Visitor: 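I'd like to ask some things about the structure below.
Every value quoted in this text rests on a predicted model; they were computed, and no experiment measured them. Atom set for the values below is all heavy atoms of this structure, side chains included, hydrogens, waters and symmetry mates excluded.
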Amino acid sequence: MESSKLWHVISFYLSTALAIFRNLLLYILNLNQSPFLTKFMDTILSLYFRLCDLSPCAIDLDDQTTIHFWVPNHRRFNKPSLVMVHGYGGNSLWQFLYQVGPLSRKFNVYIPDLLFFGKSYSKSPNRSDLFQAECLSDGLKRMGVDRFSVYSISYGGFVAYRMAEMHPDTVEKIVIVSSGILYTDDQRVKQLRKIGRHPSEILVPKNPHDLRLLVNLSMYKQNSLYWLPDFLLREFVTMMYDHCRKEKIELAEHLVDKKADTNLAVLTQETLIIWGDQDNVFPLELAHQLQRHLGSKSRLEIIKDTGHAANMESPDEVNKLVISFVSGCSF
């Protein structure tokens with residue numbers, strides 16, 4: 001038994017070292033053809049996820065759609081399962097940098113790339129949040145994950161809400177962070193005028209200026225991108241947003257241009273809503289609207305001096321709230 005454990009440890013570190021060497025060699029050989037520094041950081045994040053006892057997994061749903069997940073190496077049946085759904089600010093690796101460590105110690109975490117982000121892709125022309133939800137639910141089912149809670153951020157909240165609505169017996173609890181799911185057409189028009197540009201131009205930046213604008217809109221505290229050189233931000237845009245740019249824009253256009261849902265379902269699951277009091281993307285009034293709509297099975301937590309990217313600006317507060325709520329602290 002001891003020798004078996006030792007062999008697993010040795011093989012893990014050998015595979016990690018080989019992965020580092022292989023990726024470094026590939027990036028050096030392609031230094032003039034790809035964004036070297038950001039892809040190197042992407043590799044470091046991948047290794048960090050592996051140190052959190054996670055592995056990448058691709059699920060082919062059919063001949064058109066593939067969903068990529070980070071999944072536990074060994075599912076612990078004494079731990080609840082938690083699905084973490086990212087927003088437009090990155091993919092599964094970059095958006096949960098401050099969450100994956102603390103949350104993977106408490107839960108069996110499953111972290112998907114939404115379609116057209118990271119390594120998930122579909123040939124389907126469907127760009128709805130409902131289709132995203134169907135694909136994630138199908139992928140989880142194929143992995144044998146039949147009961148789970150969902151922690152979602154921004155655009156991911158729209159997807160998570162649909163998952164909870166479609167599968168009330170599968171989704172146990174839901175955490176929604178900074179996601180303006182419930183709004184009126186007048187509120188949408190007012191917010192678009194305030195922003196001054198079509199959201200797809202901001203959510204899918206083309207250059208360093210656009211990326212700084214996106215971060216400035218999302219963060220209330222100091223914008224760390226101001227001191228980063230343009231060439232590094234340009235690399236990040238190339239790696240993160242040029243991949244499936246057309247499809248990402250279409251996703252944003254579908255979300256922004258559709259009419260307000262006047263018949264939004266009231267979820268049966270307990271729901272924790274987390275919002276920054278300085279959110280400039282989805283104003284705080286939308287959080288109160290959603291809480292009133294969901295009623296007694298929901299709770300709203302407002303984090304002070306925090307903008308839209310609460311998971312980045314106030315990660316400790318968000319992590320504590322998520323762990324307490326999902327672990328069993330009922331209302």
Side-chain angles (χ1 to χ4, degrees), residues 80-88 107 110 112 114 126-141 145-191 251 254-277 279 281-303 308 310-311 318 321-331:
S81 293
L82 180 66
V83 179
M84 301 164 62
V85 187
H86 67 81
Y88 252 89
F107 310 108
Y110 297 84
L114 289 172
N126 195 329
R127 300 292 180 261
S128 68
D129 47 309
L130 179 60
F131 182 62
Q132 295 268 17
E134 290 172 342
C135 291
L136 291 193
S137 299
D138 192 4
L140 290 162
K141 182 178 180 181
V145 186
D146 52 5
R147 295 284 290 173
F148 55 87
S149 296
V150 185
Y151 157 46
S152 57
I153 300 171
S154 193
Y155 174 64
F158 290 84
V159 178
Y161 202 97
R162 295 300 185 189
M163 293 174 69
E165 178 186 354
M166 289 188 300
H167 304 288
D169 295 330
T170 300
V171 178
E172 297 179 306
K173 295 183 179 182
I174 179 170
V175 180
I176 297 172
V177 181
S178 311
S179 186
I181 297 166
L182 186 65
Y183 57 88
T184 66
D185 288 329
D186 288 342
Q187 287 173 322
R188 179 188 60 182
V189 171
K190 179 182 177 182
Q191 186 64 10
L251 288 174
H254 173 86
L255 196 66
V256 173
D257 295 342
K258 72 176 182 178
K259 291 290 185 180
D261 189 349
T262 56
N263 296 309
L264 185 69
V266 176
L267 299 181
T268 59
Q269 296 92 338
E270 290 185 351
T271 304
L272 174 63
I273 304 166
I274 302 174
W275 225 274
D277 66 341
D279 193 328
V281 177
F282 293 124
L284 187 57
E285 63 178 318
L286 299 185
H288 290 287
Q289 280 179 202
L290 182 59
Q291 197 277 324
R292 288 194 296 269
H293 177 76
L294 292 174
S296 60
K297 282 201 168 185
S298 66
R299 185 177 90 222
L300 172 61
E301 293 285 349
I302 300 171
I303 302 178
H308 181 68
N311 60 305
V318 170
L321 288 168
V322 172
I323 291 171
S324 173
F325 173 67
V326 177
S327 294
C329 182
S330 299
F331 302 147

Visitor: What is the minimum heavy-atom distance between Ala160 and Val150, and which atoms define it?
Guide: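 So the minimum-distance heavy-atom pair works out to CB-CG1, 3.5 Å.
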
Visitor: Less than 4.5 Å apart, side chain to side chain, heavy atoms only: is that true for Phe148 and Leu140?
Guide: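 Result yes, sub-4.5 Å side-chain heavy-atom pair found.
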
Visitor: Would you check if there is a donor-acceptor pair between the side chains of Asp186 and Thr184 at a distance under 3.5 Å?
Guide: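 Looking only at side-chain atoms, Asp186 and Thr184 do not form any donor-acceptor pair under 3.5 Å.
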
Visitor: Without swapping roles, check the side chain of Ser298 against the backbone of Gly295 for a donor-acceptor pair under 3.5 Å.
Guide: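 Side chain of Ser298 to backbone of Gly295: a pair is present.
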
Visitor: In the structure I gave you, are the side-chain heavy atoms of Ile181 and Asp261 within less than 4.5 Å of one another anywhere?
Guide: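 A side-chain contact under 4.5 Å is absent here.
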
Visitor: Kindly indicate whether the side chain of Lys297, heavy atoms from C-beta on, has any atom under 4.5 Å from the side chain of Thr271.
Guide: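 No; the side chains remain at least 4.5 Å from each other.
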
Visitor: Give a yes or no answer on whether the side chain of Tyr161 reaches the backbone of Ala265 with a donor-acceptor pair at less than 3.5 Å.
Guide: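 Judged by distance alone, yes, a pair lies under 3.5 Å.
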
Visitor: Quick one: do His254 and Asp129 satisfy side-chain contact (heavy atoms from CB on, under 4.5 Å)? Show the steps, please.
Guide: CA-CA 9 Å; His254 173 86; Asp129 47 309; 4.1 Å; yes

Visitor: Does the Glu172 side chain pair with the main chain of Gln269, one donor and one acceptor, at a distance under 3.5 Å?
Guide: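 No, the answer is negative, given that no donor and acceptor are paired below the 3.5 Å cut-off.
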
Visitor: How far apart are the closest heavy atoms of Val85 and Gly156, and which atoms are they?
Guide: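 For Val85 and Gly156, the tightest heavy-atom pair comes out as CG1-CA, 3.7 Å.
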
Visitor: So that I can tick it off, tell me whether Arg188 and Asp185 are bridged by a salt bridge, with the cut-off set at under 4.0 angstrom between side-chain N and carboxylate O.
Guide: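 Yes, charged N to carboxylate O under 4.0 Å.
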
Visitor: Indicate the atoms forming the closest heavy-atom contact of Gly157 with Ser152, along with that distance.
Guide: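 The answer is CA-OG, 3.4 Å.
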
Visitor: Answer yes or no: is there a donor N or O on one side and an acceptor on the other, between the side chain of Ser178 and the main chain of His308, under 3.5 Å?
Guide: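 Yes; at least one donor-acceptor contact below 3.5 Å.
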
Visitor: Taking it one step at a time, do Asp279 and Leu284 satisfy side-chain contact (heavy atoms from CB on, under 4.5 Å)?
Guide: CA-CA 7 Å; Asp279 193 328; Leu284 187 57; over 6 Å; no

Visitor: Check the pair Met166 / Leu130 against side-chain contact (heavy atoms from CB on, under 4.5 Å), numbers first and verdict last.
Guide: CA-CA 9 Å; Met166 289 188 300; Leu130 179 60; 3.5 Å; yes

Visitor: Answer yes when Asp257 and Arg127 have at least one side-chain N-carboxylate O distance shorter than 4.0 Å, and no when they do not.
Guide: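 Here Asp257 does not pair with Arg127 in a salt bridge, since their nearest N and O are not under 4.0 Å apart.
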
Visitor: Return yes when atom NZ of Lys190 has more than 12 non-hydrogen atoms of other residues, nucleotides or ligands closer than 6.0 Å, and no otherwise.
Guide: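 Count not over threshold, so no.
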
Visitor: Determine whether Gln132 and Leu251 make a side-chain contact, defined as any pair of heavy atoms from C-beta on separated by less than 4.5 Å.
Guide: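 In contact.
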
Visitor: Just wondering, do Val322 and Leu82 contact through their side chains at under 4.5 Å, heavy atoms?
Guide: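 SC-SC contact between Leu82 and Val322 confirmed.
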
Visitor: Is the closest side-chain heavy-atom distance between His86 and Ile153 below 4.5 Å?
Guide: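 Heavy-atom side-chain distance check fails, nothing below 4.5 Å.
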
Visitor: Quick check: closest heavy atoms across Leu267 and Ile174, and the distance to 0.1 Å?
Guide: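 Between these two residues, the closest heavy atoms are CD1-CG2, 4.1 Å.
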
Visitor: Does the Ser154 side chain pair with the main chain of Val177, one donor and one acceptor, at a distance under 3.5 Å?
Guide: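 Pair absent, no side-chain N/O of Ser154 close to backbone of Val177.
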
Visitor: Between Leu255 and Tyr88, is the side-chain contact (heavy atoms from CB on, under 4.5 Å) condition met? List the steps.
Guide: CA-CA 12 Å; Leu255 196 66; Tyr88 252 89; 5.7 Å; no

Visitor: Do Val175 and Ser149 come close enough that some side-chain heavy atom pair is under 4.5 Å?
Guide: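 With C-beta onward as the side chain, the pair stays apart.
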
Visitor: Check whether any side-chain N or O of Trp275 sits under 3.5 Å from a backbone N or O of Leu286 as a donor-acceptor pair, and report yes or no.
Guide: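 Looks like no, no N/O pair under 3.5 Å.
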
Visitor: With the side chain counted from C-beta on, respond yes when Leu272 and Glu301 share a heavy-atom pair under 4.5 Å apart, and no when they do not.
Guide: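 Counting from C-beta outward, Leu272 and Glu301 do come under 4.5 Å.
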
